[in-house]
Each structure stands twice: as structure tokens, then as C-alpha cells.
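Just so we're clear, the structure is a prediction, and the values are computed from it rather than from any experiment.
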Amino acid sequence: MRIFDPHIHMTSRTTDDYERMAAAGVRAVVEPAFWLGQPRTNLGSFTDYFDSLVGWEPFRAGQFGVRHHATVALNPKEANDPRCRPVLDVLPRYLEKDGVVAVGEIGYDSMTPEEDAVFATQLALAVAHDLPALVHTPHRDKARGVERSLAVVAESGIEPGRVVLDHLNEVTVKLVRDTGCWLGFSIYPDTKMSPPRMVELLKAYGTERMLVNSAADWGRSDPLLTRATGEAMLLAGFTDEDVDRVLWRNPVEFYGQSGRLDLNDEDAAEPTFAGNSILRGGS
């Protein structure tokens, strides 16, 4: 089983996680820029973080043959903090980086006017840089948030097929299914979706434009739940071809629209990055 996790926050995971993921069949990941758990207070905090997403993490992942890509954005939660607005001015520099395959996570947290403005601005950046967009749907009042997100996407002029609305569930899948956008589902131990629930949605709606991710981060989450979902699909009667479509070919197709996916296994661990110290003391 080959797995491409299209949404996982490896900055918050250990090197042991990379080792376990590689053993489970994870060959590629996309790491979206996100809120780190406490407010950032200045622009430099963001640029250091973005630099790590395009430098340090690809190197760390490459030690285990995992291809690492990123999406970059001012996340919805911090869009409400005026100290973070200068991030919008530096994003174009990062959106030109080879390993950046989309603008994200963008969208809504509390659905404020500030979030409206930042969401629209970043969708315009996606259009200007010819990149897909990864849209975070809010954890509260999710149905209204999805409806509002779809309206902003429509107003932006971006092609629906270049947008994924993530963190969907049984209630919101119906709102997105016929829009032309891609549908993202996060599999968690306790919240969001579970493998059995995901299998039922795949039975009802099919495998086309469906992305399954672990969204693993600082909280209680599991980077191997993509594989658990694949195994649950097989037990439910889906074919190996179905599993490969959901866990590999779909994310490759979506992020491949960036023109920047690099899935060559042979040199995954070859690049070196100035200032790294992971190999110190090694043989």
C-alpha cells in the first residue's frame, strides 16, 4: 500500500514518526502552514517557520525516503491578529519555492471580517501564482463555514478543481460534492472522522476527488490513520485499486496541478541544507 498524506503537520511530530510512517507505506506528505498553539508576535516568527517548511523538514523526511512538500499561508486563526498581517506581503516570495505546492491553510476559524479579507487575498495569490488552494473549514458552526467558504471561492474566480475544502464530515460532504471542488477528510482518534466513518462516506459518494489525511499535529492524533483507513476500505470490500486512488493517485492529481511535485524515490535523502545538525555524531 503506497500512501501520500496530503495534510500532516510534521513540524509537530518526532523523527520516530517519520520512521513509522515510512514502514507503513507513507512515501510522500504535504505539510500545510498552521497555527502553532500560541500566538506568534512578529513577522520573523513566520519567516523562520516557513524557512523550516521548505528546508529543514524536507531534509528530515528524506532520511527515511519520504518526500516532503508544503503549503504556505497566513492561517485563519492568526488572520485576526493585526501583528500578523505583514505575512501577506512576504508570501509571494515563498509561493515561488519549488517545494510549495499550494496556498494553505486558508479559510475560516471564527468567520470574522478580518478572516474574510485575508481569505480573499490569499485566494487571489493562489490565482496569481497558478497554485491550488487548501481551505481549512472551521471546527465550530462547520456547515455555515463551508457554505461561506464556497461563496468566497466562487467570488475569487479560482477554478473549483484547484481547491480542496478540508476537515469535512457527514454533514458537510453534501455541500461540497457537486461544486467541482475536492473534498478533504481528516482521520483522528477521537474527533473529526474515523476510518469506519470514512469508509461509509466512500461507499456513499465514491472515490473521485476524495482526499484522506491524518492532519496529525501537536494534539492527540495519529500519522498512521491513513493506513488504517486503507485497511478498513479493504475489509469493507474496496479493491486495491480503490485504495490506491484514495491514498495515492488522488493527492498526486490534486497537488500535481502545482507542477512542483517531486516523487522520485531514488534521491529522497540526497539534499542537504545549510545549518542542519541532524547527522552530527553519526557515522
Side-chain angles (χ1 to χ4, degrees), residues 4-13 18 27-36 40 42-76 78-79 84-107 118-119 121-136 156 158-159 162-164 166 211 213 215 217 251-278:
F4 186 150
D5 193 329
H7 184 151
I8 184 168
H9 300 290
M10 292 308 299
T11 295
S12 63
R13 309 304 301 192
Y18 273 125
R27 300 184 187 178
V29 299
V30 167
E31 176 162 4
F34 81 133
W35 186 56
L36 292 183
R40 296 180 180 92
N42 62 80
L43 177 60
S45 179
F46 280 91
T47 57
D48 286 343
Y49 171 53
F50 294 159
D51 286 344
S52 75
L53 291 183
V54 299
W56 168 244
E57 281 303 323
F59 174 77
R60 197 162 72 108
Q63 303 308 299
F64 302 95
V66 176
R67 281 295 183 183
H68 181 286
H69 307 81
T71 76
V72 177
L74 173 58
N75 69 83
E78 289 177 301
C84 301
R85 282 300 183 94
V87 173
L88 298 176
D89 297 326
V90 303
L91 282 178
R93 172 159 60 96
Y94 288 96
L95 295 178
E96 291 298 320
K97 300 290 186 181
D98 288 342
V100 175
V101 294
V103 178
E105 298 179 54
I106 59 177
V118 172
F119 188 7
T121 295
Q122 295 190 102
L123 281 173
L125 284 173
V127 173
H129 290 266
D130 196 25
L131 287 173
L134 169 61
V135 177
H136 167 98
S156 75
I158 192 171
E159 295 178 20
R162 295 174 69 83
V163 177
V164 56
D166 213 344
L211 298 179
N213 63 71
D217 56 17
V252 168
E253 181 180 343
F254 178 73
Y255 287 115
Q257 296 177 99
S258 69
R260 298 178 185 169
L261 278 187
D262 182 359
L263 301 175
N264 183 358
D265 292 335
E266 293 182 2
D267 61 351
E270 287 301 313
T272 57
F273 299 89
N276 78 72
S277 60
I278 193 170

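For the salt bridge (Lys or Arg N to Asp or Glu O under 4.0 Å) test, no residue two or more places apart in sequence or in another chain qualifies with Glu31. Remark: Val252 engages Phe4, Trp248, Leu261, Leu263 in a side chain to side chain contact (heavy atoms under 4.5 Å, CB included) (not counting sequence neighbours). Under the salt bridge (Lys or Arg N to Asp or Glu O under 4.0 Å) criterion, Asp130 pairs with Arg162, not counting sequence neighbours. Scanning for side chain to side chain contact (heavy atoms under 4.5 Å, CB included) contacts around Pro92 gives Leu125, His129, with sequence neighbours left out. Take Asp51 and apply the side-chain hydrogen bond (donor to acceptor under 3.5 Å, both in side chains) test, not counting sequence neighbours, and it matches Tyr94. Legend: residues meeting side-chain hydrogen bond (donor to acceptor under 3.5 Å, both in side chains) with Tyr255, ordered by chain and number and at least two apart, are absent. Remark: Ser156 pairs with Leu123, Ile158 by the side chain to side chain contact (heavy atoms under 4.5 Å, CB included) rule, at least two apart or across chains. By the salt bridge (Lys or Arg N to Asp or Glu O under 4.0 Å) test, Glu78 pairs with Arg40, sequence neighbours left out. With sequence neighbours excluded, no residue forms a side-chain hydrogen bond (donor to acceptor under 3.5 Å, both in side chains) with Gln122. With sequence neighbours left out, the side-chain hydrogen bond (donor to acceptor under 3.5 Å, both in side chains) criterion links Asp166 to His7, Asn213.
Residue Leu95 comes nearest to Val72 through the heavy atom pair CD2-O, 3.9 Å, listed as atom of the first residue, atom of the second, then distance. Across all non-hydrogen atoms, the minimal contact from His69 to Arg260 is CD2-O, 4.0 Å. Closest of all the heavy-atom pairs between Arg60 and Phe64 is O-CD1, 3.8 Å. When every heavy atom of Pro32 is checked against every heavy atom of Glu105, the shortest pair comes out as CB-CG, 3.6 Å. The two residues Gly107 and Val135 come nearest to each other via the heavy atoms CA-CG1, 4.2 Å. The shortest non-hydrogen separation linking Leu131 to Ser258 is CD2-CB, 3.8 Å.
Rounding to the nearest 0.5 Å places CG of Leu134 at 12.5 Å from CZ of Phe34. To the nearest 0.5 Å, atom CG of residue Asp48 and atom CG of residue Leu43 are 9.5 Å apart. Atom NE2 of His68 and atom OH of Tyr18 lie 4.5 Å apart (nearest 0.5 Å). Here the straight-line distance linking atom CZ of Phe46 with atom CG of Asn75 works out to 6.0 Å at 0.5 Å rounding. Atom CD in Glu57 sits 4.5 Å away from atom OG1 in Thr11 (nearest 0.5 Å).
Side-chain atoms of Ser45 never come within 3.5 Å of backbone atoms of Asn42 as a donor-acceptor pair (strictly under, hydrogens ignored). Formation of a donor-acceptor pair under 3.5 Å by the Arg67 side chain with backbone atoms of Val29 is not found in this model. Put simply, the side chain of Gln257 gets close to the backbone of Phe254: a donor and an acceptor are under 3.5 Å apart.
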inquiry  = side chain to side chain contact (heavy atoms under 4.5 Å, CB included) for Ile106 and Val118? Distances and angles first, verdict last.
reply    = CA-CA 8 Å; Ile106 59 177; Val118 172; over 6 Å; no
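Counting heavy atoms from C-beta outward, Lys97 and Leu53 have side chains that stay 4.5 Å or more apart.
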